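A short write-up of the structure that comes next.
The shown structure was predicted, so the numbers you read here are calculated from the model rather than taken from an experiment. In what follows, every chain begins at residue 1, and chains take the letters A, B, ... in the order their sequences are listed.
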Number of protein chains: 2
Amino acid sequence: MTEQSDIPRKRGRPRKPRPADAAGTERLPRAGLHERAARQLRSMIVTGKLPGGAPIVEAELCEVLGISRTPLREAVKMLAAQGLVELRPNRSARVAPMDASHVTDLFEALGNVERIAAEYAALRLTATELSSLRQMQETMERYYGEGDLAAYFAVNQAIHSAILAGARNATLVEMHRWLFARAERARYFALGRHARWVESIQEHRDILAALEAREPETAGRLLAAHVMHTGTGVLALLAASAVAGDAA
Amino acid sequence: MTEQSDIPRKRGRPRKPRPADAAGTERLPRAGLHERAARQLRSMIVTGKLPGGAPIVEAELCEVLGISRTPLREAVKMLAAQGLVELRPNRSARVAPMDASHVTDLFEALGNVERIAAEYAALRLTATELSSLRQMQETMERYYGEGDLAAYFAVNQAIHSAILAGARNATLVEMHRWLFARAERARYFALGRHARWVESIQEHRDILAALEAREPETAGRLLAAHVMHTGTGVLALLAASAVAGDAA
DNA sequence: AGTAAATTGTATTCAACATACAAAAAATTG
DNA sequence: CAATTTTTTGTATGTTGAATACAATTTACT
C-alpha cells in the first residue's frame, strides 16, 4: 500500500528565478529533441524530400538534423508506429513505399473514417459550428476564384478538421490524424496537377448542405465519396509517374 | 571537454556477455530488444499489471525486463505513438489513463471501424472464408457451452479478425489493431465479470447471417452495435470500480 | 568464396531538469 | 519582545534527455 498524503502541500522550491525565458525566437524550447526530429522527419517524408522506399541511414540524418543517434532513433520508432516508415531488423529503416494498393487502401479507409465523422457531426454539430463551416466554405470558394492554391488547401483542410471535431470523439480525431499524415504525403503529389477543384467545390457544397439538413447518411456518403475521388486522382498520377522511380 | 583518457573505463557492455535469451519464453530471437520490450510492455498494460496512470520509471522496468534503458526508451516511444502511454517532457511517462469519456470514444470508434469492415466483408468475403467463419461460430458456441472462458475469448477475437481481413484493406486492419490494443485493455476488466455472453453469442449469429446473406448495411450495423454493447459493459464496470482507486 | 567497411543494436556515461527535503528568513501573534 | 507560523531559499537526490563507446550484423569489395 502506497498511502499518500491527502493534503497537497506546497513543497519544494517555489519557482526558478526565471532564466529570462530566452525571449523571442524560441517557441518551443520545451520540446524534446526526439519530438523535433520526428516533426522534421515527417515533414521531409510528406514533402517527398525523403521519397517512398528511401533508406533511413541514421548517421546521415544525424548530420542533417544536428543531433545524435539516440533521439533520432526514437523519432524513427515513433514514425514507424505511425506507419510512415518501415523498420527491418538490423537493416536500415525505410520510408514506407507508396504503391497503388497502399494508396487505394489508404483513401478507402480515410474516406470511411470521414464518413463516420460526418454521420456523427450531422447529429452533434452546434448551430455556431455549422455557420462557421459555411463561412469557411465561402472563404474557400473565394480563394478558388482568386486561384490562391495554398490558401484554398489550408481552408479545405480546416473544413475537414472541423467536421472531425464536430463528431465529438477524440479517438476518431486521433485516427484521422494518423491516416491523414500518410494521405498528405500522397496528396502532395497531386498538388498543382489535378484541376479537379470545380467538382471538389461542388462536393463540399453538397456535404455542407447535408450537414445543415442534419442528414447523417447523406453527409457521410458524400464525404466518403469526396475523399475517395481525391484518392483515385492521386492514384492516377501515381500510376503515371510509376514508370520512372520504382524500388521493389 | 570530453577528453578524459587517462583511465580506461569500462564502456560498451561488459555486464551481460550473454543474455542467453534471459527469461524463459523466448519466441523471436530475430526481433530486436525494443520490439520485445514493446510487446512485453503492451502485455503488462493490457493485463493491468501496469494500471492506468501508473508512472513508467525507466530504471525499474529495465530491471524487470533485463535490458538497458535505450531499447526500453524506444519501446516506450512506440507505445506512445500507439496511444497506450503518455509522455510528458522531462517527467516519467505514464500509462494512458482510462477515464469514462475515453472508453466511450474508443468503443464508439472501434465499433464504427468494425462496421466499415463488415460492410466491405459482406461484399468481399469468399465462400470459403464464410464457411470458415461459420465453423468458428460453432466452435465458439461449443466453448461457451463448456464454459471455457479463455478459448471462447480467443475464438471470438479470431472471428473479429477474420471479418477485418475479409474487408481486404490493409490500412483498415492496421487501424483496427491500433484501436484494439487499447480496447483489449479495457476489455480485460470485464473478463470474468459481465455474463453477457448469451446475448453476445446471439449477436454473433445475426452478424454471421447478415454476412452470408451479403447484406453490408445489416452486417455493419449489427457488428457496430455488438462492439458498442461491449463498450457500455466495460464502462459500467469502470464506473463501479471508480469509487476506489482514483488519482486526479 | 573471404575479408573489410559500413551500419545498426545495445550499454553506459554525462548533463539537464524537476522534485523533495531542510534550513533560514520574514511575518504574524501571544 | 519572544515564539510560532509562513514563506522563501538552498541543497540533495532521483529521473529523464542525449551522446558516445563498443558489439554484432549486414553489405560491399576483391
Between N or O atoms, less than 3.5 Å apart, protein on one side and nucleotides 14-17 of chain D on the other: list the pairs.
unit_1, atom_1, unit_2, atom_2, d
D/dT16, OP1, B/Ile56, O, 3.2
D/dT16, OP1, B/Glu58, N, 3.4
D/dT16, OP1, B/Ser92, OG, 2.9
D/dT16, OP2, B/Glu58, N, 3.4
D/dG17, OP2, B/Arg73, NH2, 2.1
D/dG17, O5', B/Arg73, NH2, 3.0
D/dG17, N7, B/Arg69, NH2, 3.0
D/dG17, O6, B/Arg69, NH1, 3.4

Backbone of A/Ser43 reached by a side-chain donor or acceptor of A/Thr47 within 3.5 Å: yes
Under 3.5 Å donor-acceptor pair, A/Ser68 side-chain atoms to D/dA18 base atoms: no
Take atom CZ of B/Arg36 and atom C1' of C/dT10, then tell me their distance rounded to the nearest Å. 12 Å
Those residues that, when tested against A/Tyr120, pass side-chain hydrogen bond (donor to acceptor under 3.5 Å, both in side chains) (two or more places apart): B/Asn112
Restricting to side-chain hydrogen bond (donor to acceptor under 3.5 Å, both in side chains), what partner residues turn up for B/His102, sequence neighbours left out? none
Using residues 58-66 of chain B as the side-chain source, report each donor-acceptor pair under 3.5 Å to any protein atom, sequence neighbours left out, with the distance given to one decimal.
unit_1, atom_1, unit_2, atom_2, d
B/Glu58, OE1, B/Arg69, NE, 2.8
B/Glu58, OE1, B/Arg69, NH2, 3.0
B/Glu58, OE2, B/Arg73, NE, 3.3

When the side chains of residues 166-175 of chain A are checked against the rest of the protein, which donor-acceptor pairs come out under 3.5 Å, sequence neighbours left out?
unit_1, atom_1, unit_2, atom_2, d
A/Arg168, NH1, A/Glu129, OE2, 3.3
A/Arg168, NH1, A/Ala165, O, 3.3
A/Arg168, NH2, A/Arg124, O, 3.4
A/Arg168, NH2, A/Glu129, OE1, 2.7
A/Arg168, NH2, A/Glu129, OE2, 3.4
A/Asn169, OD1, A/Thr171, N, 2.9
A/Asn169, OD1, A/Leu172, N, 3.0
A/Asn169, ND2, B/Asp105, O, 3.2
A/Asn169, ND2, B/Glu108, OE2, 3.1
A/Glu174, OE1, B/Arg182, NH1, 3.4

Interatomic distance where CD belongs to B/Glu35 and P belongs to C/dT10 [whole Å]: 10 Å
With sequence neighbours left out, the residues meeting ring-ring contact (aromatic ring centres under 6.0 Å, His included) with B/Phe180 are B/His176
Gap between atoms CG and P, on A/Leu87 and C/dT7 respectively (whole Å): 18 Å
